[in-house]
Each structure stands twice: as structure tokens, then as C-alpha cells.
Asker: 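Structure in C-alpha cells, see below.
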2 protein chains.
Amino acid sequence: MTTRERRRRVTIADVARHAGVSTTAVSKVLRNAYGVSAAMRDRVKAAIDELGYRPHASARAMRGRTYTIGVLLPDLRNPFFPEILDGLYEQLDGTGYQVIIVLGGRDAKAETRAIDALVDRQVDGMLMVAPRVPRTRLEEVGGQLPTVVLGPHEKSALYDAVLDDDEIGAELVVRHLISLGHRRIAHIGHRENAGRRTAAMLQTIRAVTYERVMREHGLDDEIAMAMTTYSEEGGYEGARELLARSPRPTAIFAGADLAAFGALTALHEAGLAVPADVSLAGYDNTRTAALSDISLTSVDQDGGVMGGTAGRLLLERIEGRTSSVTFSVTPTLVPRRSTAPPPAETRTA
Amino acid sequence: MTTRERRRRVTIADVARHAGVSTTAVSKVLRNAYGVSAAMRDRVKAAIDELGYRPHASARAMRGRTYTIGVLLPDLRNPFFPEILDGLYEQLDGTGYQVIIVLGGRDAKAETRAIDALVDRQVDGMLMVAPRVPRTRLEEVGGQLPTVVLGPHEKSALYDAVLDDDEIGAELVVRHLISLGHRRIAHIGHRENAGRRTAAMLQTIRAVTYERVMREHGLDDEIAMAMTTYSEEGGYEGARELLARSPRPTAIFAGADLAAFGALTALHEAGLAVPADVSLAGYDNTRTAALSDISLTSVDQDGGVMGGTAGRLLLERIEGRTSSVTFSVTPTLVPRRSTAPPPAETRTA
DNA sequence: ATGAAAGCGCTAACAA
DNA sequence: TTGTTAGCGCTTTCAT
């Protein structure tokens with residue numbers, strides 16, 4: 001009878017004693033397992049309620065499931081992530097699964113630790129949103145537990161993939177700008193310093209597609225990219241860099257709304273009006289983009305559907321599916337007031 | 001020799017065998033515990049590296065610590081939360097503690113489940129950001145494990161509190177508007193339907209302080225409040241309600257930036273210019289507020305310091321402190337272009 | 001300084 | 001249908 005520092009929690013043994021049954025019986029009731037009479041079930045449930053019993057997750061983890069889904073998020077600032085989580089929660093509602101979130105943080109090392117933390121805590125399934133660790137690491141995780149990767153365009157036999165068709169999304173933006181009459185269209189991208197597998201990363205696809213569409217329209221010479229990061233700071237720096245060129249671009253396609261917001265600041269500081277002087281488009285169709293003072297043209301990729309699908313795939317894997325699945329969402333363009341035909345004197349180009 | 005579904009993880013016994021020592025020795029090395037020779041430490045560390053061993057969190061939880069800090073967040077959309085988390089992570093960096101986040105979700109019931117999930121997973125410490133469960137629940141948690149509550153203005157012997165001096169913050173805003181010449185200043189607040197303990201909630205303090213300052217300036221009759229929620233939707237509805245009044249307010253103090261953004265949309269729809277027709281101020285000084293197209297006057301409460309302090313207090317409690325501490329941050333006003341003197345014809349009031 | 005062994009709360013064989 | 005019991009991987013007395 002050790003005196004625990006804090007009041008001892010109710011255990012399955014307490015419930016069993018209180019109900020006058022075995023711990024096995026209680027365990028079975030908890031898991032809705034086969035082989036308990038209605039009477040037994042009622043007695044046990046009553047005892048659970050009376051004692052206010054809740055199972056110790058760690059003890060369960062030692063033998064079975066934790067009823068936990070782990071989610072890796074790169075950060076908390078990207079307004080696209082809540083959409084994903086909303087879809088996930090909706091899908092998981094009523095299943096008894098709890099979601100815990102860890103943050104990847106600044107570098108790949110921090111992200112590795114965050115993923116490890118989830119594995120070490122024995123989550124039953126893991127959703128990795130826009131991970132930047134090497135593909136081998138993703139497969140290691142996928143080999144150990146049900147895993148869904150959201151973002152990167154790389155399929156694997158070891159995990160499911162949910163992704164936005166970033167190629168279509170980028171095409172929509174660049175063609176939209178071209179159809180408005182722009183030629184000097186620049187791009188703000190995200191450079192991942194850490195890793196290989198860049199070809200599969202969504203930021204690479206957006207950038208490469210931008211280049212391709214430009215070429216397809218004979219705008220090879222107008223290609224201008226600033227590779228910073230998908231963040232406000234990155235967008236600010238990228239825009240400053242692009243605006244310093246001569247002649248300056250008449251349109252900027254930022255690979256993420258967040259970067260577009262930073263670009264907006266840079267444009268203002270440079271005394272340039274949007275869209276009168278420079279058109280601006282983003283990606284993600286965040287709520288801020290929809291604010292009428294911002295009214296940013298953007299690409300909508302339905303994060304709710306993506307998150308919900310990720311949840312469904314995770315549950316399927318937990319239930320035993322071993323084959324690999326890829327789910328692709330087709331994005332749509334949401335034109336707003338931040339994009340318009342280029343100013344007249346542009347013809348100097 | 002049960003064949004686990006997936007490849008069995010390396011355990012402490014494997015490490016012990018590999019190093020030719022006891023599991024006790026390995027455990028001690030892991031925890032930097034007293035009573036291991038340098039030679040032993042080196043051998044064990046080598047074995048750990050060679051085998052790529054990482055402790056099972058759940059197994060540790062059964063006997064000791066989980067090295068986990070649990071954070072409860074109401075949602076992922078409030079741009080103030082990342083600031084808090086940044087401070088927390090910085091404080092925890094290098095301590096070996098991992099942060100896991102759970103989301104409170106829509107109602108108090110969901111929040112209760114989220115908190116339970118953290119308790120059931122035996123986190124070593126818990127940070128509850130703007131919780132809405134009853135105070136008794138907070139104290140229950142505080143009685144079981146090191147706890148810090150961020151937001152509510154209620155001290156307790158059972159947990160530490162980190163809070164913004166919302167009274168000062170609200171005063172700053174209302175006095176700022178009054179000094180600009182406004183009289184018909186309205187407020188958009190957050191009504192919690194679920195709970196008691198409203199008097200201590202930050203939203204109540206902001207609303208009550210608004211009323212008090214109005215009265216102190218003889219503006220009793222101009223008090224107008226729309227109690228919705230601190231969200232974009234809430235701000236939108238609140239503003240529509242306030243703008244429907246006649247005469248309409250010349251200034252709106254939204255209790256949160258998020259609500260101010262919603263109000264912005266409503267103002268635009270009503271064809272009203274900010275600040276020419278209506279001045280608008282928020283609270284939280286989020287990044288979006290700083291965007292030059294928005295340029296929202298707001299109250300800055302240094303979430304980084306709040307989060308960092310919460311982390312420090314948590315570590316102190318884990319190390320044994322039992323006395324209760326309250327830490328209050330004094331906010332500052334950040335005036336921007338969204339607030340200006342009222343339009344001239346206002347004198348009809 | 002080192003190790004043997006008990007036990008944390010639960011689940012799953014296996015018996016009854 | 002119900003109960004007994006052996007662990008899961010770790011920490012922690014308590015011997016040595």
C-alpha cells in the first residue's frame with residue numbers, strides 16, 4: 001500500500017471488486033468484447049459510473065490499443081491546417097478515438113523528435129501533414145503503424161497518401177494571370193534546405209508547374225522565382241526580392257496565402273497598389289484571403305475533405321487494410337479582387 | 001515468443017543484454033539517476049545508440065514519468081495561440097519534455113473529454129489555455145497533476161494562473177476611442193452558454209470593463225453590446241446586430257481580433273468605411289491585424305511571455321513546488337489606422 | 001556500484 | 001459465460 005503522491009486513481013480492479021466480478025469481465029465490457037451477459041454488462045457499467053472509472057491509457061497501451069490518433073503538424077500558424085483537422089474530427093466523432101497533435105517545429109530534427117514522440121506513445125494511427133523528414137522515415141513509420149501522409153506527392157506501399165493536385169492548382173493560377181494579360185508573372189516558392197525527395201513536395205510541384213505553364217505560353221524569359229518559405233516572413237522577403245528586379249513583375253503568384261500576406265506588406269511598403277500596379281494570388285484559400293480588405297485570389301483545396309479522408313483511411317488501416325491507397329483532391333480557383341489586368345504601361349516589356 | 005503484428009520494438013532488456021548489464025543499470029542511465037559508474041554509463045549509451053533504442057512512453061508511465069506536457073487549446077484558428085506555444089516550446093527546449101496538444105472543440109463536453117484524454121495519458125503537467133469547463137474541474141485536474149491555467153482570472157491553491165490583465169487592456173481601447181472623440185462605442189463580446197464562473201473569464205472582464213469605462217465617462221446611455229463569440233462568424237453577426245441600431249455606433253471594440261475581422265466583413269457589406277464611417281479595434285494584436293490592408297488597432301498581450309512563463313511554472317511544479325502562483329502580463333495598446341476620430345455629422349448623437 | 005525481482009493497470013490465453 | 005493468470009516494458013526497492 002504505497003502512498004502515491006496524489007490520490008490513487010480508480011483501476012479496473014476497483015471496478016471489479018465493486019461489481020463483484022473479475023477484472024476480465026470489466027475489461028471485456030470496456031472493449032465491447034464478445035462473451036458477456038447483459039446482466040454482467042449492466043453491473044459493470046453501473047460500477048464504472050459509480051466509481052467514475054476511466055481506463056489508464058498507458059496500461060492499455062502495454063497490451064492493446066491506445067485509442068489515439070497522432071497528428072503531426074508543421075506549425076500552428078498555417079490557417080489551412082484547421083480545415084484539415086475539422087474534417088478529421090468529424091470523421092472520428094463517435095469512434096472513441098482521441099486525437100493528439102504534435103508540432104514539427106523549425107527543422108527536420110525537431111520534426112523527427114515529434115514523430116518519435118508519437119510512435120513512443122503508441123498511437124494507433126498517425127497522420128503526418130506536410131512532413132519534411134526523408135521518405136525513408138515516413139516508410140519506417142508506415143511499417144510500424146497505420147499511417148497517412150498528407151501533402152507530398154509520393155505514394156508508397158507502406159502508407160496511404162492524401163494530396164491536393166497541386167499541378168492543377170498551380171496551372172489554374174498561372175493561366176488565370178496569363179489570361180488577364182500578364183506576362184511578367186513571378187513566383188514565390190518554398191525552399192526546403194534539409195531534404196531530398198524534393199521532387200515530390202507540394203512546393204516543388206507548384207514551382208515546377210509555374211515554370212512549365214510559363215514556358216507553354218512562350219514566357220520562358222519572364223520566369224522569375226524567389227525561393228523563400230511559405231510564411232509571412234518568407235513572402236515579404238520574396239516579394240522584396242522580386243520587386244527589386246527591373247522591370248518588375250506585374251503579377252506575383254505566391255505558393256501559399258501566408259506568403260501572399262507577407263508579399264502584401266512588401267507591396268505596400270514599395271508604394272504599389274494591388275491589383276492596380278501588381279496582381280497577387282495565393283494558394284490555400286484561407287479565411288484571411290476572403291476578408292474583403294484583402295480579397296486575395298487563391299486556390300481552394302478543401303482541407304475538410306482531405307482531413308476527413310485521412311481519418312477514414314486511418315480507421316480502415318486500423319481495422320486491418322494493408323493495401324495502399326492514394327486520394328487526390330482537385331482544387332479550384334477562387335478569383336478575387338487582388339488579380340486584374342496589368343497596368344497599361346506594361347507593354348514596355 | 002509471440003509474433004507481434006509488426007516488428008517488435010527494441011526494449012530495455014535488449015539494451016541490457018547487448019551491453020551485458022542489468023535492466024536496472026540501463027534504466028538508471030536513461031534517467032541520469034544516481035549510482036552508475038562512468039564506464040557503465042558509456043557501455044550502456046553505446047548499446048542504446050547501436051540498437052537505436054527509445055523508451056516506450058507507456059511503459060514508463062506505469063511507474064514513473066511520461067516526460068510529456070499536455071496542452072489544451074480551444075481551437076486551432078485563433079492566431080494568438082501560436083504565440084503562446086512558441087514561448088512554451090522555447091522554455092521546454094532541452095528539458096526532454098515533449099508537448100502534446102489536444103483540442104477542446106465546440107462545447108464544454110468535448111473539452112472535458114480532451115482534458116480527460118490528457119489525464120488518462122498521464123501527462124506530467126498540463127497547460128489549459130482559455131478553458132471553459134467549470135472551475136471545479138480545473139481544480140480536480142490541479143489536484144492530480146501540475147497544472148497551469150492560462151486565461152481565466154481566478155486563482156486557486158491547486159493550480160498556477162497565467163493571465164493578461166484584461167481590465168487594463170479593455171481600458172486602453174475604450175479610453176483610446178473616447179479620446180478620439182467617440183461616444184457611441186459598441187462592444188462585441190463572447191458569451192459562454194455553458195458555464196458558471198463567468199465573472200472570471202477574460203471575455204467577461206473585457207465586457208464589464210468596457211461598461212465601466214463608458215460609465216466613468218458619462219456614456220451610460222451609449223453602451224451597446226452584442227454578445228456572440230470570439231470568432232469571425234461571431235464578429236460578423238455581432239457587427240450586423242450593432243450596425244442595425246439607430247443611430248449606429250461610430251466605433252466598435254471587438255473583444256478579439258478574430259471577431260474584429262468578421263466585423264470588418266459586415267462593415268464592408270454595409271458599405272461603411274473604416275475608419276471614415278466606423279472605427280474598429282480588436283484585442284490580441286495578431287499578425288493579420290498588422291497587415292497593412294487591415295491595420296487594426298489592437299491590444300498586445302505578449303503571448304510568448306505568457307507561454308514561456310506557463311512552461312517555467314509547470315517545470316517548477318513538476319520539480320516539487322506546491323505553493324500556488326499567479327502571473328499577470330500587462331498589455332499595451334497598438335494604435336493603427338482602423339481607429340480615427342468619428343465622422344463630423346456624428347454630433348447629432 | 002550493480003543486479004534480482006516485484007509490481008504499475010491492463011488484455012488475452014486458457015481453464016473451468 | 002466467467003475467472004485465473006501470465007505478461008507488456010519499465011522503475012524501484014532491496015540485496016549484494
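This is a predicted model, so every value here is computed, not measured. The chains referred to below are lettered A, B, ... by the order of the sequence lines, with proteins before strands, and numbering in each begins at 1.
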Asker: I need the OH-P distance between Tyr53(A) and dC10(C), as an integer number of Å.
Answerer: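 So the two atoms are 3 Å apart, to the nearest Å.
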
Asker: Which nucleotide in the list dT2(D), dG9(C), dT11(D) gets nearest to the side chain of Arg63(A)?
Answerer: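 Nearest nucleotide to the side chain: dG9(C).
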
Asker: Between dG9(C), dT12(D), dC10(D), which nucleotide gets closest to the side-chain atoms of Met62(A)?
Answerer: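 Selected nucleotide: dG9(C).
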
Asker: Provide, to the nearest angstrom, the distance between the NE2 atom belonging to His56(A) and the P atom belonging to dC10(C).
Answerer: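 Spelled out: NE2 on His56(A) to P on dC10(C) is 7 Å.
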
Asker: Between dC10(C) atom C1' and Gln122(B) atom CD, what is the distance in whole Å?
Answerer: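 Going from Gln122(B) (CD) to dC10(C) (C1'), I get 12 Å.
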
Asker: Output the single nucleotide from dG3(D), dG9(D), dA4(C) whose closest atom is nearest the side chain of Ala25(A).
Answerer: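 Among dG3(D), dG9(D), dA4(C), the one nearest the side chain of Ala25(A) is dG3(D).
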
Asker: Of all the nucleotides listed (dT2(C), dT2(D), dT1(D)), which has the minimum atom distance to the side chain of Met40(B)?
Answerer: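 Shortest atom-to-atom distance from the side chain points to dT2(C).
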
Asker: Base, sugar-phosphate, or nothing for Val26(A), non-hydrogen atoms under 4.0 angstrom?
Answerer: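 If one applies the 4.0 Å heavy-atom cut-off, Val26(A) turns out to touch nothing in the nucleic acid.
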
Asker: Does Lys28(A) or Leu30(B) map to a spot on DNA chain D nearer the 5' end, using the closest nucleotide for each?
Answerer: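 In this pair, the answer is Lys28(A).
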
Asker: So, is Arg60(B) near the phosphate of dG9(D), with a side-chain N or O under 4.0 Å from OP1 or OP2?
Answerer: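 So the side chain of Arg60(B) is outside the cut-off, no N or O lying under 4.0 Å from OP1 or OP2 of dG9(D).
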
Asker: Report yes if a side-chain nitrogen or oxygen of Tyr67(B) is closer than 4.0 Å to either non-bridging phosphate oxygen (OP1 or OP2) of dC10(D); otherwise report no.
Answerer: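 So the side-chain polar atoms of Tyr67(B) never come under 4.0 Å of the phosphate oxygens OP1 or OP2 of dC10(D).
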
Asker: To the nearest Å, how far apart are Arg121(B) CZ and dC8(C) P?
Answerer: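 So the two atoms are 22 Å apart, to the nearest Å.
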
Asker: Does any non-hydrogen side-chain atom of Thr95(A) lie less than 4.5 Å from one of Tyr67(A)?
Answerer: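 No, their side chains stay 4.5 Å or more apart.
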
Asker: Pick the nucleotide of DNA chain D nearest each of Thr23(A) and Ser37(A); which residue has the one closer to the 5' end?
Answerer: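 Here Ser37(A) is the residue nearer the 5' end.
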
Asker: Write down the atom of Ala57(A), the atom of Thr66(A), and the distance for their closest heavy-atom approach.
Answerer: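 The pair with the smallest heavy-atom distance is O-CG2, 4.4 Å.
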
Asker: Regarding Arg312(A) and Asp160(A), does a basic nitrogen lie under 4.0 Å from an acidic carboxylate oxygen?
Answerer: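 No salt bridge links Arg312(A) with Asp160(A).
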
Asker: Find the distance Leu51(A):CG to dG9(C):C1' and express it as a whole number of Å.
Answerer: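 About 15 Å, once rounded to whole Å.
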
Asker: Starting from P on dT2(C), measure out to CZ on Arg17(B) and report it in whole angstrom.
Answerer: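 These atoms are roughly 20 Å apart.
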
Asker: Just to confirm, is there a sub-4.0 Å distance from OP1 or OP2 of dG9(D) to any side-chain nitrogen or oxygen of Thr11(B)?
Answerer: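 Thr11(B) to dG9(D) OP1/OP2: no side-chain N or O under 4.0 Å.
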
Asker: Side-chain contact test, heavy atoms from C-beta onward, threshold under 4.5 Å: evaluate it for Arg77(A) versus Leu85(B) and give yes or no.
Answerer: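 Side chain of Arg77(A) against side chain of Leu85(B), heavy atoms only: no contact under 4.5 Å found.
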
Asker: If you check the Ala59(A) side chain, which of dA12(C), dG9(C), dG3(C) turns out closest?
Answerer: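 The closest nucleotide is dG9(C).
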
Asker: Students often get this wrong, so: under 4.0 angstrom with heavy atoms, is Thr24(B) touching a base, only sugar-phosphate, or nothing?
Answerer: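 Base: the residue Thr24(B), judged by heavy atoms under 4.0 Å, touches a nucleobase.
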
Asker: Output the rounded distance in Å from CG (Asp14(A)) to P (dC8(C)).
Answerer: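 Atom-to-atom, Asp14(A) to dC8(C), this comes out as 11 Å.
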
Asker: Taking the side chain as C-beta and beyond, is there a heavy-atom pair between Leu72(B) and Pro131(B) under 4.5 Å?
Answerer: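 Leu72(B) reaches Pro131(B) side chain to side chain.
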
Asker: Need one value for Ser27(B): base, sugar-phosphate or nothing, where a base atom within 4.0 Å counts as base even if backbone is also close, heavy atoms only.
Answerer: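 The answer is base, as Ser27(B) lies within the cut-off (heavy atoms under 4.0 Å) of a base atom.
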
Asker: When you measure from the side-chain N and O atoms of Arg9(A) to the phosphate of dC8(C), is any distance below 4.0 Å, counting only OP1 and OP2?
Answerer: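 For dC8(C), neither OP1 nor OP2 has a side-chain N or O of Arg9(A) closer than 4.0 Å.
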
